[in-house]
Amino acid sequence: MNVFAPALLIATLSALNGCTAMPSSKDPDAVLTAPQTQYDARIIQPENNTVLTPEQLAQKLIDTDVVIVGEYHGHHGSHLLQSRLQTTLFQQRPEQILSMEQFNLDRQDQLNRYLEGETGETEMIEDADAWDNYRASYRPLVEFARRHNLPVIAANAPADVVRCVGRKGPEYLERVSDSLKQKLPSAPFMDTPAYREKFMAAIGASHQADDTMSERMENTYKAQLLRDNTMAARILQARAEHPGHQVLHLTGTFHSEDGLGTVALLKQRAPELSVAVISPVFWPSDINQPPLDSNRPKGDFVYFIQPLPEEFRDAEREREAMRARFSRSTDRTCD
């Protein structure tokens with residue numbers, strides 16, 4: 001599971017009970033209250049401060065070609081909103097495609113076998129290498145698509161290829177099989193300057209880093225670009241195979257917020273497409289007003305959710321966990 005900018009995910013879980021008055025599309029005196037549980041999401045259109053229900057948001061998106069919902073992986077508020085939006089979008093436009101960062105393109109066949117009833121869920125989870133939180137977070141979305149015979153796109157780049165590009169550099173792609181190479185996007189490392197700056201800031205890269213570290217950071221960034229370019233290309237491939245369908249794409253918010261990452265690359269590859277970005281924002285418990293002004297650029301729409309609980313309070317345990325994760329990654333070779 002790829003979770004970037006971990007600092008964004010470390011916040012205190014506590015009761016949120018502030019509120020502020022903001023106009024609603026139906027009631028100009030509506031009050032925007034802070035999320036009360038981890039399942040709550042409060043949607044706003046930043047350009048006019050309009051408060052929206054998922055149904056009202058879907059109405060605004062009816063003619064949009066690609067709807068991208070950013071998430072904090074594992075946050076129930078994100079996943080519940082995605083599910084509600086999937087349903088409301090389908091009700092007004094049944095020609096729908098579900099595109100998911102959470103499955104890799106080299107596992108599309110295994111995912112399809114499940115959608116077609118040839119395997120059971122546990123078999124699919126194992127064969128398609130589903131994320132550990134599949135049942136808790138993504139099962140409702142896949143099951144909705146399965147019941148309505150909607151395409152589900154495994155949109156991400158193969159995990160092993162991404163890992164080895166990050167370790168060996170972009171030249172690693174010359175070593176993958178021809179059949180896999182054909183599935184990867186042309187110009188797999190297409191870039192946008194603003195995204196590079198954001199990425200390097202997120203991982204704490206320094207301009208004064210030594211050459212070895214600079215090369216490592218550059219390869220890590222190339223691996224990130226491979227993910228984003230692959231997701232953009234997979235969305236376009238799905239649109240080509242299913243003309244007129246609306247794509248609902250689920251991804252970690254780093255890949256989409258501020259119109260960067262997958263979004264910017266999608267627009268470069270197909271500027272004629274209409275794309276809407278819906279980004280999550282944490283509403284901390286110690287402020288009464290929603291933190292909108294500093295987060296307006298994050299999406300065409302933003303949704304406020306409670307912060308996630310802190311993963312660690314013991315610094316040594318956190319370091320041990322990070323070492324264990326790194327060790328698992330380096331145990332695998334890049335032949």
Side-chain angles (χ1 to χ4, degrees), residues 1-10 68 70-73 100-106 131 155-176 180-181 183-236 249-269 275 277 279 297-299 322-323 325-334:
M1 185 186 306
N2 176 35
V3 182
F4 261 96
L8 293 174
L9 302 181
I10 302 176
I68 299 181
E71 66 177 50
Y72 290 119
H73 299 318
M100 303 182 67
E101 176 200 355
Q102 296 79 13
F103 288 100
N104 300 333
L105 67 83
D106 57 333
W131 286 10
N156 209 348
D160 287 345
V161 175
V162 170
R163 175 176 50 80
C164 290
V165 166
R167 188 184 300 178
K168 300 292 187 180
E171 296 80 10
Y172 179 79
L173 290 189
E174 299 173 4
R175 299 159 60 178
V176 304
L180 179 55
K181 193 177 299 183
K183 297 178 182 179
L184 294 173
S186 60
F189 305 109
M190 188 183 294
D191 196 359
T192 56
Y195 192 50
R196 173 183 292 272
E197 294 175 10
K198 180 180 178 181
F199 181 88
M200 293 303 177
I203 63 175
S206 169
H207 293 295
Q208 284 73 43
D210 60 38
D211 290 343
T212 300
M213 181 60 71
S214 296
E215 181 180 359
R216 180 178 178 181
M217 291 301 100
E218 184 64 23
N219 289 344
T220 301
Y221 181 58
K222 287 294 196 297
Q224 179 78 352
L225 289 176
L226 179 59
R227 291 189 184 97
D228 286 301
N229 278 285
T230 300
M231 286 190 279
R234 292 286 285 170
I235 289 170
L236 293 179
H249 179 66
L250 314 182
T251 187
T253 190
F254 197 93
H255 293 287
S256 59
E257 67 182 13
D258 301 312
L260 298 176
T262 299
V263 179
L265 296 168
L266 183 61
K267 291 180 177 180
Q268 282 191 42
R269 291 172 178 272
V275 182
V277 178
S279 296
K298 286 191 173 180
M322 293 300 294
R323 283 195 293 266
R325 293 173 191 171
F326 181 77
S327 176
R328 287 195 297 270
S329 176
T330 55
D331 283 345
R332 301 178 181 179
T333 60
C334 295

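Keep in mind that the numbers below use all heavy atoms, side chains included, and drop hydrogens, waters and symmetry copies.
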Novice: So among L226, N219, L225, which one has a side-chain contact (heavy atoms from CB on, under 4.5 Å) with P170?
Specialist: N219
Novice: Once salt bridge (charged side-chain N to carboxylate O under 4.0 Å, His left out) is applied, do any residues pair with D191, and if so which ones, sequence neighbours excluded?
Specialist: R196
Novice: For N229, which residues count as a side chain to side chain donor-acceptor pair (under 3.5 Å) partner, sequence neighbours excluded?
Specialist: R269
Novice: Show the nearest heavy-atom pair for residues L260 and A194, with the distance to one decimal.
Specialist: CD2-CB, 3.9 Å
Novice: So which heavy atom on V162 is nearest to which on A157, and how close?
Specialist: CG2-CB, 3.5 Å
Novice: Would you compute the distance between atom CD of Q224 and atom CZ of F254 and round it to the nearest 0.5 angstrom?
Specialist: 6.0 Å
Novice: Mind checking the CG-CG spacing from D106 to N156? Nearest 0.5 Å is all I need.
Specialist: 9.5 Å
Novice: What are the two closest non-hydrogen atoms of K181 and L173, and how far apart are they?
Specialist: CE-O, 3.2 Å
Novice: Of all heavy-atom pairs between H249 and M100, which one has the smallest distance, and what is that distance?
Specialist: ND1-N, 4.1 Å
Novice: For D258, enumerate each residue passing the salt bridge (charged side-chain N to carboxylate O under 4.0 Å, His left out) test, keeping only those at least two apart in sequence or located in another chain.
Specialist: K198
Novice: Do you know the tightest heavy-atom contact between M190 and Q268?
Specialist: SD-OE1, 3.3 Å
Novice: Could you list the residues that satisfy side chain to side chain donor-acceptor pair (under 3.5 Å) with S256, not counting sequence neighbours?
Specialist: none
Novice: Which residues pass the ring-ring contact (aromatic ring centres under 6.0 Å, His included) test with Y221, sequence neighbours left out?
Specialist: F199
Novice: Going by the rule salt bridge (charged side-chain N to carboxylate O under 4.0 Å, His left out), which residues pair with K222 if we only count those two or more places apart in sequence or in a different chain?
Specialist: E218
Novice: According to salt bridge (charged side-chain N to carboxylate O under 4.0 Å, His left out), who are the partners of R175, at least two apart in sequence or on a separate chain?
Specialist: none
Novice: Run the side chain to side chain donor-acceptor pair (under 3.5 Å) test against T230 and tell me which residues pass, sequence neighbours left out.
Specialist: none
Novice: Do we see a donor-acceptor contact under 3.5 Å between the side chains of T251 and E101?
Specialist: yes
Novice: Going by side chain to side chain contact (heavy atoms under 4.5 Å, CB included), name the residues that satisfy it together with E197, two or more places apart in sequence or in a different chain.
Specialist: none
